Protein chains: 2
Amino acid sequence: MEKIQNSLRVSVEVNNVIFSFHEKSLKILLLKRADDPFAGKWELPGCYLEEEKTLEETAINILNRKAGISSAFLNQLGFFSDPDRDPRERVIGNSFIALIKYMDVGLNKEGDHLSWFAYTELPPLAFDHAAIIQIALEEMKFKLRFQPIGFELLPEDFTLTQLQRLYESVLEKPLDKRNFRKKILSLDLLEQSKDMTSEAEKRAATLYRFDKTKYVSLKEKGKKFTLY
Amino acid sequence: MEKIQNSLRVSVEVNNVIFSFHEKSLKILLLKRADDPFAGKWELPGCYLEEEKTLEETAINILNRKAGISSAFLNQLGFFSDPDRDPRERVIGNSFIALIKYMDVGLNKEGDHLSWFAYTELPPLAFDHAAIIQIALEEMKFKLRFQPIGFELLPEDFTLTQLQRLYESVLEKPLDKRNFRKKILSLDLLEQSKDMTSEAEKRAATLYRFDKTKYVSLKEKGKKFTLY
DNA sequence: TACCTTAGTGTACAAATTACCCCCTTAGCC
DNA sequence: GGCTAAGGGGGTAATTTGTACACTAAGGTA
C-alpha cells in the first residue's frame, strides 16, 4: 500500500518514570547523563522507539536493559510534544509509569550512573524530565487513592506499617494507625503470610500479601477501592 | 546541534474522541471516511502532527477544522503504537478526549460525513479506533466519578435532571432522584441561574451552572469530589 | 377538565469515617 | 538482669455520608 503523502516523520522516544518505595519515601530511579546535551544532569531511563516494537514493548526493554528489572507494573502516563523539548531535533516523548519492588533493581548495571532519589529531593534534570515527573507524581497521588497500586511498590510480603508509610509519603499527610489498619483490612484484599518479620528490629510484625485475584473478582462485583 | 543518529523517524497523528451529551445518551462525534484504506467506515476526527505545533495544538486545530468547535475541555487519553495499526505505514497515534457542548458543533461542515453516535450504537470503525473508543469510555466512567467533568458536556445552564441523565447514561445504572439532588447540591459547586427552562415541555425546571472557580478553591482546601 | 409528564421535596436507617490511648514485645545499653 | 527506646497491635463512641423510599406541584395536551 502506498505511503502517506505530506506527513511529517519525527523521532519518537519512551521515558519511564520508575517508582519504588524505600525507607519511608517514594523514590524515582534516574540515570546520570554522560554526554551532551545536558551532560552531568539526570534523566529518566529511556530510549528511542524500535522498529516493529510497540511503545509498551520498548518500555519493558528499557526496564530490562537499564535497570535489570524483569517485571513491573506499567501504565501509560502521557505524551510530551513541545517542538523544542530536545535541542537536537524534534522528538515526541511517550512516558510510562513503572512501579517496581525496590529490591528488584540491580544498581550495578551501568555503574554509578543509576540512582534512586526521593521524590522530594530530585537532582537537576535534563530535557523536560522535571515536568514529566511532576505530572507522574500527580497521577500517583490520584491513582493511589482509587486503585490498589501501592502494593506494586512493596515487597511481596509487607507489614501494615510499611504500607501506611507509603501512603503517608505519597499523600503527604500523617494517617491514624488504627483507622488505617481497620480500613485496609476491611477491604478484604490482603492475606496474612505465614511468617513474621525476622530481621526486623524491635518487635516482629505480621506480614501480609496482596491478593490480586480477589481484587479483580471484588471489583467485578462492583466493590470500590478507595483509601482516604 | 547535531541530529540524533540511528533513530527511527515515523509518522505521528492525533485522534480526538469527542464526547457530548444529548437526548439521554452520551455521544461520540465520528467522521465517515471517503478514501481507502477503510473507505466507507467511520473514524475519529484526526490529522497528522504539524511542524512546530504540539500535539495539544494539533488536537485543537482538529476540533476547529473538522467540527467548527472553538472551545473544548481537552485531556490526553494515551498513545497507540501497534506497528500495523495503519496498513500504509507505521503511524504512532496520540489520542485526546474532548468534552464539548452538543450545540457547539455545526454539523454542516464536511457535509454528511460528520455525525454523532450514541456510545452504545457505534458504526463500523476504521483502523484501531474501536479500541481507542473503548479505552476512552473506561476513562470517562472512571473520571466522571472523581472529577467534575460532566458539566463540560452540558449547556452552560442545565437542569438537575439533565445532569442526572448524563450520569445514568455513563455509569449505566439508574440513580435515585432525591439522593442525586441532595448529593450534587451538597457539593456546593452549582449556582442557580436566574431563569427557568422556557421552551421546556411540561413543568419548567430550575437551571444551574457549574462554578469552576469555587471547585478549584474547594479542591485546594482538600474537599473531595466523588459521585457514586 | 381529566390525564399525562416532569419538577421538586424529607425522613429514618445503615454504613463508613473520624478522633482518640494504652499495653505488648524485642533490642540495645548500662 | 533491668531499664529504656522503638515499633506492633488493638476498640469504641460521635459524626458524617449513603441509601431506601412516595407523594404533591406545575404545566401541556386531548
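Please read these numbers as outputs of a predicted model, since none were measured by experiment. We name chains A, B, ... by the order of the sequence lines, and we start the count at 1 in each one.
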Asks: Report yes or no: do A:Asp157 and A:Ser193 form a side-chain donor-acceptor pair below 3.5 Å?
Replies: yes
Asks: So, do A:Phe146 and A:Phe225 have ring centers that fall under 6.0 Å from each other?
Replies: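 Between A:Phe225 and A:Phe146, which both carry aromatic rings, the centre distance is not below 6.0 Å.
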Asks: Quick test of your reading of the model: are A:Glu168 and A:Lys24 salt-bridged, counting only N-O distances below 4.0 Å?
Replies: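 No.
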Asks: Can B:Lys212 and B:Glu152 be counted as an ion pair, charged N to O under 4.0 angstrom?
Replies: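 The answer is yes: the pair qualifies as a salt bridge.
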Asks: Check this for me: does the side-chain of B:Arg203 come within 3.5 Å of the base of C:dA7 through a donor and an acceptor?
Replies: yes
Asks: Identify, with sequence neighbours excluded, every residue that meets side chain to side chain donor-acceptor pair (under 3.5 Å) alongside A:Thr226.
Replies: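 A:Thr226: no side chain to side chain donor-acceptor pair (under 3.5 Å) contacts found.
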Asks: Just how far, in rounded Å, is C1' of C:dA7 from CD of B:Gln162?
Replies: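 From B:Gln162 CD to C:dA7 C1': 13 Å.
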Asks: Tell me which residues in residues 184-193 of chain A lie within less than 4.0 Å of DNA chain C, going by non-hydrogen atoms.
Replies: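 The answer is none.
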Asks: Determine, for B:Glu13 against B:Arg85, whether the closest basic-nitrogen to carboxylate-oxygen distance falls under 4.0 angstrom.
Replies: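 Answer for the salt bridge query: yes.
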Asks: What's the closest nucleotide to the B:Lys224 side chain, out of C:dG8, D:dG9, C:dT18?
Replies: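 Selected nucleotide: C:dT18.
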Asks: Using whole Å, what does the distance between atom C1' of nucleotide D:dT17 and atom CZ of B:Phe225 come to?
Replies: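 Going from CZ in B:Phe225 over to C1' in D:dT17 covers 16 Å.
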Asks: Quick one: is A:Thr161 getting a side-chain N or O under 4.0 Å of the D:dG7 phosphate, OP1 or OP2?
Replies: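 Looking at the OP1 and OP2 atoms of D:dG7, neither is under 4.0 Å from any side-chain N or O of A:Thr161.
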Asks: What is the distance from CD of B:Gln164 to P of C:dG8, rounded to the nearest Å?
Replies: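 Result: 12 Å.
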Asks: Respond yes when some side-chain nitrogen or oxygen of A:Thr206 is under 4.0 Å from OP1 or OP2 of D:dG8, and no when none is.
Replies: no
Asks: Would you call the rings of A:Phe210 and A:Tyr215 parallel, tilted or perpendicular if under 30° counts as parallel and over 60° as perpendicular?
Replies: tilted
Asks: Within this structure, what is the NZ-to-P distance between B:Lys202 and C:dA2, rounded to whole angstrom?
Replies: 18 Å
Asks: Which label fits A:Tyr102 and A:His22: parallel for a plane angle under 30°, tilted from 30 to 60°, or perpendicular past 60°?
Replies: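 The arrangement is parallel - the two ring planes meet at less than 30°.
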Asks: Between A:Lys182 and B:Lys24, who's closer to the 5' end of DNA chain C by nearest nucleotide?
Replies: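 Taking each residue's closest nucleotide, the earlier one in sequence belongs to B:Lys24.
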Asks: Please list residues of residues 171-181 of chain A whose heavy atoms come under 4.0 Å from any atom in DNA chain C, ordered by number; otherwise none.
Replies: A:Asp176, A:Arg178, A:Asn179
Asks: Are a donor atom and an acceptor atom from the side chains of A:Thr161 and A:Arg181 found within less than 3.5 Å of each other?
Replies: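 A donor-acceptor contact under 3.5 Å links the two side chains.
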Asks: Between D:dA20 atom C1' and B:Lys183 atom NZ, what is the distance in whole Å?
Replies: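 It works out to 17 Å between those atoms.
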